[in-house]
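Remarks on the structure that follows.
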Amino acid sequence: MRNLFWFRHDLRLHDNTGLHAACRTGEVVPCVILDDAFLKNSSIGPNRIALFLDAVAALSASLEKSGARLIIRHGKPDVEIVRLLKESKAGGVYHNRDYEPYAVARDARVARAVHDAGAEITPHKDLVVFEGHEILTQAGNPYAVYTQFKNSWLKQELFPAVLPAPKRIAFPAELNALTSVDLKTFSIEPESEVPEISEAIARRRLKDFLDDDVLEYATRRDDPSADQTSKISHHLKFGTLSPRTVVSQARALLATMRKPESRKSIETFISEIVWRDFFFQIMAAFPHVAEGAFRPQYDSVKWATNPTHLKAWQEGRTGYPIVDAGMRQLKKMGWMHNRVRMITASFLCKDLLIDWREGENYFSRLLIDGEPAVNNGNWQWVAGTGTDAQPYFRIFNPTTQSERFDPDGDYIRRWIPELKDVPAEFIHTPSEHPLLCPEYILPIVEHAVQRKKALEMYKAARGEG
DNA sequence: TGAAATGTTGGGGCG
DNA sequence: ACGCCCCAACATTTC
């Protein structure tokens, strides 16, 4: 048999479920379709497009080592897949399943076109460890509360196996003349300093993390200046690393650990992968979250319209050091420490009273790990509009958070040169020490005042105003 | 994976 | 010595 394998954001050879299955059937023609709906999508942005193209280039190189060519085409996926099916005389298409509404609709169009062409299409589970339909409540419904989902996830008896990379991919020699577009003609300048990406880099990063930092993950992951997070998020986004590989290696390590602190750390790390599965199944089961609040009552929140405040937040000029440090790190690196993502997101929604979708879109444009289901889930969590959400009244105090999580001010000093000589004692409240911080701007809003306004805003939406 | 407002307690200053 | 007040320190409630 001969099949296409259509790579999307599963750009690896190891533990690639659909690719593995395709290889077992016989000959395989690996392909990537460059889709303008992706390349020209303003909510994706140059950082992720550049990283995607880099990951495709790295994949293409490793496929060559396995004896195969990666065929890259540019156009509408339904048209290009069918065209390639005919050109390569393949009987079917294998690919891995996606869950967000655009991808679901696209895949339905492709499936129709493939069937109309008289061929078979075979989707596989690959993006997650467990899909939504594998983790259901006793009543058979999808979970809408994380903790319960996690308990059920952890109780699963059979974790999916980690599949090896195919030793050799049987690429039909007579297809060497198939055309493939030159990736270089699509190359795009990222806005931030994006990292190098490849499957080998991803696997090394995971190993380094599991050899060391994971053992104090429970306590150190919340320290943005130490920054001992795993840094695998962009690999999970583009599929240079599989979540099953991550979980399987973490569980194997856990089995060897006795020290409670180490055990707790590894468990906390695994639970972050569970969050990821959780948000994918939420997006799959409740696709309306892509547009609006998970809880419809919060669709009536009257968010503020204030382009000046929005821009100040985006550029890191709010006058709250921890917020500005985070937003400047995002702009420079295309990445922000998770703790600071929560603080900056809370500030947008509950101090500037701006719609969480503005923040979701801005994060999406810059983040190298921007995964729609995960980004959306986390923003709705912070905004209090989502499933299992932080209650609307749980409002971060940016100064308290700063003192608690960056006590020495090292993170702030790294990203805000105006404050680089300010001692820890004064760095969290620069407006109270104007003589020490002459270069740094004054707060654009007053937290105590905004907090009350936020409570009123949510109260009105709940029909209690 | 909150913070502020409000309530309670108890030590110490003081008349 | 005693009652009163103040106010940390801690606990509970509320948003």
Side-chain angles (χ1 to χ4, degrees), chain A residues 143-151 153-154 214 216-230 233 261 264-279 282 294-295 297-298 301-302 320 322-323 326 336-353 356 359-360 363 369 371 373-407 411 428-429 443 445-465:
Chain A
Y143 283 99
V145 176
Y146 169 72
T147 310
Q148 292 165 357
F149 176 84
K150 181 176 90 166
N151 291 339
W153 192 101
L154 289 170
V214 74
E216 31 184 45
Y217 186 75
T219 50
R220 306 301 298 279
R221 80 196 165 110
D222 257 338
D223 176 348
S225 67
D227 196 4
Q228 297 192 3
T229 57
S230 68
S233 54
E261 192 208 326
K264 183 169 190 301
S265 283
I266 298 167
E267 284 164 359
T268 304
F269 174 61
I270 292 171
S271 76
E272 298 297 330
I273 304 294
V274 183
W275 270 110
R276 180 175 174 277
D277 272 16
F278 177 68
F279 284 141
I282 289 291
F294 174 78
R295 299 161 197 252
Q297 64 186 118
Y298 288 114
V301 172
K302 301 262 190 304
Y320 286 86
I322 192 78
V323 174
M336 196 195 307
H337 187 279
N338 186 252
R339 165 56 52 182
V340 191
R341 291 188 198 195
M342 290 192 276
I343 300 172
T344 55
S346 178
F347 191 83
L348 184 76
C349 299
K350 291 169 178 174
D351 283 86
L352 299 181
L353 315 177
W356 57 271
E360 180 195 21
F363 271 31
D369 58 27
E371 181 72 77
V374 178
N375 192 36
N376 178 277
N378 279 316
W379 270 96
Q380 293 223 32
W381 183 85
V382 170
T385 63
T387 107
D388 197 32
Q390 161 160 262
Y392 70 92
F393 50 76
R394 192 171 290 171
I395 296 174
F396 281 31
N397 179 325
T399 307
T400 310
Q401 288 280 315
S402 185
E403 287 163 350
R404 186 179 307 164
F405 294 106
D406 188 28
Y411 179 75
H428 306 288
T429 51
V445 291
E446 195 184 322
H447 173 71
V449 173
Q450 298 305 106
R451 176 182 176 276
K452 288 186 179 138
K453 285 193 202 164
L455 289 170
E456 285 302 314
M457 182 178 79
Y458 280 95
K459 193 168 156 191
R462 292 155 59 85
E464 295 165 14

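Only a predicted model underlies this, so the values are computations on that prediction, with no experimental measurement involved. The chains referred to below are lettered A, B, ... by the order of the sequence lines, with proteins before strands, and numbering in each begins at 1. Reckoned from all heavy atoms, side chains included, excluding hydrogens, waters and symmetry mates.
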Note to self: Using every non-hydrogen atom in the two residues, find where Asp222(A) and Phe405(A) come nearest and quote the distance to one decimal.
What the structure shows: O-CD2, 3.5 Å

Next item on the list: Let me know the distance between OH of Tyr146(A) and P of dT1(B), rounded to the nearest Å.
Entry: 12 Å

Notebook entry, point to check: Do Tyr320(A) and Phe347(A) have ring centroids that are under 6.0 Å from one another?
Noted result: yes

Check: Nearest-Å distance, NZ (Lys459(A)) to P (dC15(C))?
Finding: 8 Å

Check: When the distance from CD1 of Ile322(A) to P of dT1(B) is rounded to whole Å, what number comes out?
Finding: 18 Å

Item checked: Spacing between Asp222(A) atom CG and dT1(B) atom C1', to the nearest angstrom -> 8 Å

Check: Between Asp351(A) and Lys452(A), does at least one N-O distance fall below 4.0 Å, as a salt bridge requires?
Finding: no

Check: Roughly, in whole Å, what's the span from CD in Gln380(A) to C1' in dT1(B)?
Finding: 17 Å

Return the polar atom pairs (N/O with N/O) between nucleotides 3-6 of chain B and the protein under 3.5 Å, or none.
residue	atom	partner	partner atom	Å
dA3(B)	OP1	Asn397(A)	N	3.3
dA3(B)	OP1	Gln401(A)	NE2	3.1
dA3(B)	OP2	Arg404(A)	NH1	3.2
dA3(B)	OP2	Arg404(A)	NH2	2.4
dA4(B)	OP1	Asn397(A)	ND2	2.8
dA4(B)	O4'	Arg451(A)	NH2	3.4

Next item on the list: Could you tell me whether a side-chain N or O of Ser346(A) sits under 3.5 Å from a main-chain N or O of Met342(A), the two making a donor and an acceptor?
Entry: no

Notebook entry, point to check: Roughly how many Å is it from CE in Met457(A) to P in dC15(C), rounded to a whole number?
Noted result: 18 Å

Notebook entry, point to check: Out of curiosity, Arg295(A) CZ to Gln297(A) CD, how far, rounded to the nearest 0.5 Å?
Noted result: 7.0 Å

Check: Just how far, in rounded Å, is P of dT1(B) from NE2 of His337(A)?
Finding: 15 Å

Next item on the list: Would you mind reading off the distance between Arg394(A) atom CZ and dT1(B) atom P, rounded to a whole angstrom?
Entry: 9 Å

Margin query: Quick one: does any side-chain atom of Ser265(A) pair with a main-chain N or O of Ala218(A) as donor and acceptor, under 3.5 Å?
Written below: yes

